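A quick write-up on the structure given underneath.
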Amino acid sequence: MNALVLINKPEGYRSSKCVGIVKRKLNKIKVGHSGTLDSTASGLLVLVTGNATRLSEFVMSLPKVYRAEIQFGTETNTYDYSGEKISEKGYENLDEKIFDDLFFSFLGYRLQTPPAVSAIKIQGRAAYKLARSGVDVEMKARPVFFRDIKIVSPYNKDNGTITLDISCGRGTYIRSLAHDLGEISGCGAYIKSLQRISIGNFNLSNANSIDDDEYKFVTLSDFAKNFTRIYVSDRDEKTFTNGMSILIRQAEKFSRGLTVMKNTIFVEGGKFLGVGAYAGDDYIKPLMIVSKIS
């Protein structure tokens, strides 16, 4: 079975635990994740099955939207509610007018330093394992991309919280965003709650509960709608899936999706076939064949 499974990951579950549960229910069909979600967060987790596990990198490239409740006035060592409090400066003097310009200043590309308590590998070991064993972990800043930051619930002066919907690209840590907002505001901040509500054209409202007896699947053709696609004839289906290049001008239709990846195009016939790359001006060569045509 080559498909995707959308799971509403409960708070407190590791992504790997969700993979194990789904794998057991699918009678040990190959299952993988396409980007983890912090155990302290909840929300949309996209799992891939069968040959679709080869598409994990493409799933991870899709834009994501998170709903985050941010608590001002306190810092923690994990940048979220699960960590130890390392400073308490209070939020009473926070001027909410700062948010008018602050969120706008984050849009686009910027350098972000991931939290030390994260799954990022440092010399082959997860940073969180090093940090929790007492090792002083130095995280390197890396570029991330914020598409939009919207206020869902305005700043609450009584408890120092604000709720945001944050649209961002791959590799972004919302915990680090909260920490950065706390640094700039001068009073500290951390994530009080975090939920991933969409990945590309997949929404949390369409996700399966991890406890469901049977899961609804997303076809690879539905997944391909996120990307630039080419539709080919029966003859070119066989040519492409046999590992040979096909002529672009013989395509029956082109369609553009949410995400454009350099030199990459998804190929469909009667069903999703795989991923190709432009070879000169005239041809598309196979990069990854997911569905074989006999």
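On a predicted model such as this, the values are computed, not experimentally measured, just so you know.
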- Message: Ignoring hydrogens and geometry beyond distance, is a side-chain donor-acceptor pair present between Glu268 and Ser221 at under 3.5 Å?
- Response: yes

- Between Phe99 and Phe72, is the ring centre distance below 6.0 Å? yes

- Message: When you measure from the centre of the six-membered ring of Phe106, is the NZ or CZ of Arg110 closer than 6.0 Å and no more than 45° off the axis?
- Response: yes

- Query: Mind checking what makes salt bridge (charged side-chain N to carboxylate O under 4.0 Å, His left out) contact with Asp222, not counting sequence neighbours?
  - Reply: Lys225

- Does Lys9 count as lying over the ring of Tyr13, i.e. NZ or CZ under 6.0 Å from the six-ring centre, within 45 degrees of the axis? no

- Would you please say whether a donor-acceptor pair under 3.5 Å links the side chains of Arg229 and Ser255? yes

- Query: Just how far is it from atom CG of Leu62 to atom OG of Ser198, taken to the nearest 0.5 Å?
  - Reply: 10.0 Å

- Message: Quick check: do Ile197 and Leu44 have side-chain heavy atoms less than 4.5 Å from each other?
- Response: no

- Message: For Arg175, run the side chain to side chain donor-acceptor pair (under 3.5 Å) check against Asp180, Asp38, Thr78 and tell me which one passes.
- Response: Asp38

- Which pairs count as salt bridge (Lys or Arg N to Asp or Glu O under 4.0 Å) when at least one residue sits in residues 66-91, sequence neighbours excluded? Arg67-Asp165

- Message: When you compare the side chain of Tyr79 with that of Leu177, does any pair of heavy atoms fall below 4.5 Å?
- Response: no

- Query: Strictly under 6.0 Å, is that where the ring centroids of Phe145 and Tyr109 end up?
  - Reply: yes

- Query: Is the number of heavy atoms from other residues, nucleotides or ligands within 6.0 Å of CE (Met244) greater than 12?
  - Reply: yes

- Task: Report yes if the side chains of Ile70 and Leu181 come closer than 4.5 Å at any heavy-atom pair, otherwise no.
- Result: yes

- Task: Before giving the answer on side chain to side chain contact (heavy atoms under 4.5 Å, CB included), spell out for Phe266 and Thr228 the whole-Å C-alpha distance, their side-chain angles and the decisive distance to 0.1 Å.
- Result: CA-CA 6 Å; Phe266 280 48; Thr228 300; over 6 Å; no

- Task: Would you confirm whether Asn226, through its side chain, and Phe223, through its main-chain N or O, come within 3.5 Å as a donor-acceptor pair?
- Result: yes

- Item | Distance (rounded to the nearest 0.5 Å) between Lys97 NZ and Leu102 CG | 15.5 Å

- Item | Axial cation check for Tyr231 ring with Lys253, 6.0 Å and 45° limits | yes

